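Just so we're on the same page: letters track the sequence lines, and every chain starts at 1. Bear in mind that the values here come from a model prediction, so they are computed numbers and not experimental data. As a basis for the values below, the full set of heavy atoms in this structure was taken, side chains included, without hydrogen atoms, waters or symmetry mates.
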Amino acid sequence: MFNYTLRRLLFTIPTLLFISLVIFLLLDLAPNDPTGNLPLTIPPEVRAMIRTNLGLDQPVWWRYILWLRQFFVYEPLNLIEQMFHITIGDGHRLRILSYATRSPVVDLIVERMPQTLWVVGMSYVVGIMIALPIGVISAYKQYSWFDQTGTFVSMIGFSVPTFFTGVLLIVIFSVMVPSDSFFWFPSIYDTTLKVTDLASFGKQVRQMVMPVFVLALYNAAQISRFMRASMLDNLNQDYVRTARAKGLSEQVVVLVHVLRNSLIPVVTVIALGIPQVFGGAIITEQVFKVNGLGQLLIIGIQGADIPLVQTLTFIFAVLIVLFNLVADVLYGILDPRILYD
Amino acid sequence: MTLKSILLGAAAAVALAPMAQAGRGDSGHANIIYWQAASIMNPYLSGGTKDIDASSMVIEPLAHYDENGAMVPTLVTEIPTVANGGVSADLTSITWKLKPGLKWSDGSAVTANDVVFTANYCMDPSGGCQQLAKFADVTNVEALDDLTVKISYGKPKPFPYGPFVGSTTPVIQAKQFADCMGTKAPTCTDANFKPIGTGPFEVTEFRANDTISLKANPNYRDPAKPAFATLTFKGGGDAAAAARSVLETGEFDYAWNLQIAPEILAQMESKGKGKIVAGFGPLVERIMVNLTDPNPKWGDERSTVKHPHPFLSDINVRKALSMAIDRKTLVEVGYGKAGQVTCNVLPSPAIYNSTANDGCKVQDIAGANALLEKAGWKLGSDGVRAKDGVRLSLVYQTSTNAVRQDFQAIIKDWWRQIGVATELKNIDAAVFFGGDQSSPDTFQKLFADVEMYANNFDGTDPEAYMGSWKCSQIPSPSNAWLGANMPRYCNADYDKLVAEMSGTADLNKRADLAKAMNDMLMQDYAIIPLVWRGNVAARANSLAGVKLNVWDSDLWNVADWSRK
Amino acid sequence: MTDLNTNPIGEIERITVSENPRSQWWDVWAQFKTHKGAVLGMTFFVLIILLVLIGPYIWTLAPDRPDLLARNKGPSMGHPLGTDQLGRDSLAQMLAGGRISLAVGVVAMTLSLVVGSLVGVLAGYFKRLDGMLMRFTDLFLALPLLPLLLVIIMLFRDTLRAAFGLEAGIFILIVFVIGITSWMQTARIVRGDVLALKEQEFVLAARSIGTPPWRMIMRHILPNVMSPIMVSATLGIANAIITESALSFLGLGFPSDFPTWGRLLFDSTNFMTLSPERVIWPGLAISLTVLSVNYMGDGLRDALDPRIRGR
């Protein structure tokens, strides 16, 4: 297992390099342009100059190498400098700058981490906590009213997109409910809110309720379906019959034997979903004005902000590859039958 | 803000403005929402409206346009003209005089050197300044003394108010930006995010593409203003959500640029929490008719003047397309209060508005049919007119936007009624307006028969704007598709009028010339104007002092805003 | 319904009928029929398909014909489901939109399932392919979707349009785009299941009697990874319908005069308080379709599971 992990880790380096190249070429090929969102009153000659100034007249391979150097050498060095308050070399290195904000991309990402982790991360945790018990009970009592209701709700939750549920919640809880009521929730997320005492914590919770609910519903719908399917598969296995025949209590059979085995594929689904947490939730962030990583990415894409999008997607790629590895390793641990070596 | 400054401010307010009722910071906190978030506070590095508006609260130009389009002095004592000697008789220089005693928000004095520095900052060729067009023909900017700046032009400028008039070209502090010239401009993140300015507010926290927190500038020149002590400028979401947050939930005080269906806006307004305000600039939603052939068979010569359009080169077809449109309905469906019927591409300022083309205000489908019939376009069995094997079937492209797609659907139906088949195409705005050389879908390439978008010009002078339809402005592969003459309109008489205007100083004569150019474009049906669009914003009932300004930043008078 | 499966009468019936030689698929069908939810789901699904196929011939109002005098109207005799902001008939739009949405949903889902299952099974079964295929999956998971779409559409839209015509060209493009950007999760999950299955005794037994790989996969592996595939199918169809609406919203999908369910839902979201009924129809249509596919998937999974079938 250890060897396998090590080998996989080594193999991720060329994989990630290749992925970064593909992403870069893709972004370069894409037909949108950083001057596309500027007002039409800016004449074409000035636009051409802006492009030159951004370095877009350089050949693709050169810009790619520059980005590699910035990402793998300059940014880590800068991070070390900041952490230990020292200066390496002359301390002047061109960091990866976003086209639109002209500020270091890494700083932008760090600035947006908190709201994304709070909202999207929390919704994922809540989603899993709802989904697992629902999936288990639904499968154990297959076709009971609980199962039917669960199926119905989760299918609605999955098939009605978040742009709709989000607006619906806002119309109900921000518009229809009077603003002095306990059930009124803000429709706009305040990213500058600092949690210092109980009152500001309460505010933070209130502004998280609606976006977390919308996303959790969506996540729970998906995971509970996989959980239920996996449980159903296992409940009919011979080992369950053996365990029951051995006289084990139903609780032990279901919660120890069946659940453990059923969790194997579900763990993959959950692990694979984690990078998406960091990716933010583009639509939900947009609806509630959370302005996290998802919104940063979409603004970058719309504005053809290549350094921003490249860096952000590459970080996602790293997370995806790593979490896939984690899922595989977990798999091997949870299911001793699987041999990788 | 410190107690001392409040006291000083209050004392000064009493001394200088005995009429003023409210003092600085009395109104507490205000919330502004822009559904496009501001990414930077330096208009020279980002020409986006959201960025200009946000920065206009902090850094100011020498003069502003007011809500009627008239110039008003901001940092100067008066607007220079030939009459008061501020503009030289040969129209090659303009001299501005700063108000004495102006201070930056850090307490240092504003001098003419700051203005000179700003000009050099933008005119540095390696800086990628996005407002460079404003400095066109400027040869020299010099400080005659601490309070006097002279801007010289290489040729006579009938309208010398390009640089430092309007929020697109504010004055920045020389000290703060000293190390940010040329290629170093983008590296000055702190200065770009928190510029030191003369405006009513200063930035306390800047979160790019998200939220800006501001507080009242303690050194603002009017000690009684601004009324708000702090202000939040939030970005993100969409127009409908922004409108909702002001009109329905009441969380915000001001929402910008609300281009949403008029019936939805009206319903939101009926909740009674806020008001909708609208103002009209020169923005016109129009259809550009491609006079050249976009057929892919021409390869590199596609949509170039080498190949005239198979049927749109017939003026009768173009005219019929325009006659079939009911502009009143378009206004009603798409813009409501924020739109007006227009038959001109230059409807504003009022002095330039021609009345020669008003016939288009009434839809005439029967007339259009008769015109096409007479011109030999016969109705085929499929309901589409044709002549000599050429079918009146066109591709109609625009950017992705709910109102534009509604317009496409309605206009397609009207054109169907005159025997013209239409295929609709909508393209993501970043691609459509992006001008990427490799993309076939840009509005300059116009690989379609007609396209729809809106355009206007900065300030109140239309000279450069009307110059867009010169022959030399036609986009083609030889000029890398740069150029604003989308219809590929080329008329020697038109070019002559453009040249004449650039040498005319008298305002009334300039107006006549601009009208003549407008009429020429309209009567040749190279451009089909649809709707004269206004800016729409929403303000909370409790917010006083909002004057929507289409000639300058929405927030141009934020210093006068207060809580009722 | 659990008791239906253990119904002794059903058992006897099955035994008596099984004297005639029958194919495996006949068994599957027999079992499928006993699943009440599945039958209901299938009936409903077929009904929706018939409705959108035949409907436009009965309700002949054109879905893209604006009627400016009847804008934002509620249900009436002339417009049973009301009209939108341009006075277009909502029923006609729902019927026309259903054709496109269902076709896109089903075809894109099938494509994504086929690719996903293929990659998953190959990667799980053949150790040599595993590393390569899974890194390939990582690559697809990591690619930024929107720029990818912009590039694909820029490169292929005009070519496909020239080759297949406007509607078919864009249909192929969209189905392809959705298919190739949504198979990764299925592949990962299927691979995981195959890895576990491979170590089970019956696979070992089958292999020891010399079953060739493709037969192993078709007969032993695939039927056993049916449940995650079925879940993916259910989620995939909803996903495809919604993704299509996001595409048209970005100007990358069907032209704006081709209504689809996802698009209708998106457009009507802002009109939620003005004319609530407009939001309900497309939302309901998508949910019910997904629900019916889900029940069909449940039934099919049970029917394919020999342990349940034999019970």
To the nearest 0.5 Å, how far apart are [atom1] in [X] and [atom2] in [Y]?
X        : Y        : atom1 : atom2 : answer
C:Leu265 : A:Phe163 : CG    : CZ    : 4.5 Å
C:Phe140 : A:Ile19  : CZ    : CD1   : 11.0 Å
A:Leu232 : C:Met230 : CG    : CE    : 14.0 Å

Do any pairs count as a salt bridge (charged side-chain N to carboxylate O under 4.0 Å, His left out) and have a residue in residues 134-149 of chain C, sequence neighbours left out, and if so which ones? C:Arg135-C:Asp138
Taking every non-hydrogen pair under 4.5 Å, which of [options] racks up the most with chain C?
options                               : value
A:Val175, A:Leu29, A:Val269, A:Val318 : A:Leu29
A:Val160, A:Leu168, A:Thr12           : A:Leu168
A:Thr313, A:Val309, A:Leu26           : A:Leu26

Heavy-atom pairs under 4.5 Å with chain A - which of C:Ile152, C:Thr269, C:Thr234, C:Ile241 has more of them than the others?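 So the answer, after comparing C:Ile152, C:Thr269, C:Thr234, C:Ile241, is C:Thr269.
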[Y] side chain reached by [X] side chain, heavy atoms, under 4.5 Å:
X        : Y        : value
A:Asp233 : C:Asn224 : no
C:Gln185 : A:Gln222 : yes
C:Phe266 : A:Pro161 : no
A:Leu325 : C:Met134 : no
C:Arg191 : A:Asp328 : yes

Under the rule for ring pair (Phe, Tyr, Trp, His ring centres under 6.0 Å), what residues qualify as partners of A:Phe71, not counting sequence neighbours? A:Trp67, A:Phe314
Using a 4.5 Å heavy-atom cutoff, which residues in residues 284-297 of chain C come close to chain A?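 Answer by number: C:Ile286, C:Ser287, C:Val290, C:Leu291, C:Asn294, C:Tyr295.
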So does [X] have more than 12 non-hydrogen atoms from other groups sitting under 6.0 Å from [atom1]?
X        : atom1 : answer
A:Phe18  : CZ    : no
A:Phe152 : CZ    : no
A:Tyr64  : OH    : yes

Heavy-atom distances under 4.5 Å only: say whether C:Ile242 touches chain A with side chain, backbone, both or neither.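 For C:Ile242, the side chain is the part near chain A, not the backbone.
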Could you look at A:Thr151 and say if it's the side chain, the backbone, both or neither that has a heavy atom under 4.5 Å from chain C? both
Heavy-atom cut-off 4.5 Å, strictly under: side chain, backbone, both or neither for A:Val167 against chain C?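 For A:Val167, heavy atoms of backbone and side chain both lie under 4.5 Å from chain C.
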Any chance you could lay out the side-chain contact (heavy atoms from CB on, under 4.5 Å) test for A:Asn324 and C:Leu141, step after step, and finish with the verdict? CA-CA 10 Å; A:Asn324 277 358; C:Leu141 278 170; 4.0 Å; yes
Of all heavy-atom pairs between A:Phe164 and C:Val279, which one has the smallest distance, and what is that distance?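 Closest pair (atom of A:Phe164, atom of C:Val279, distance): CE1-CG1, 2.5 Å.
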Which atom pairs, one a donor and one an acceptor, fall under 3.5 Å between side chains of residues 142-149 of chain C and the rest of the protein, sequence neighbours left out?
none

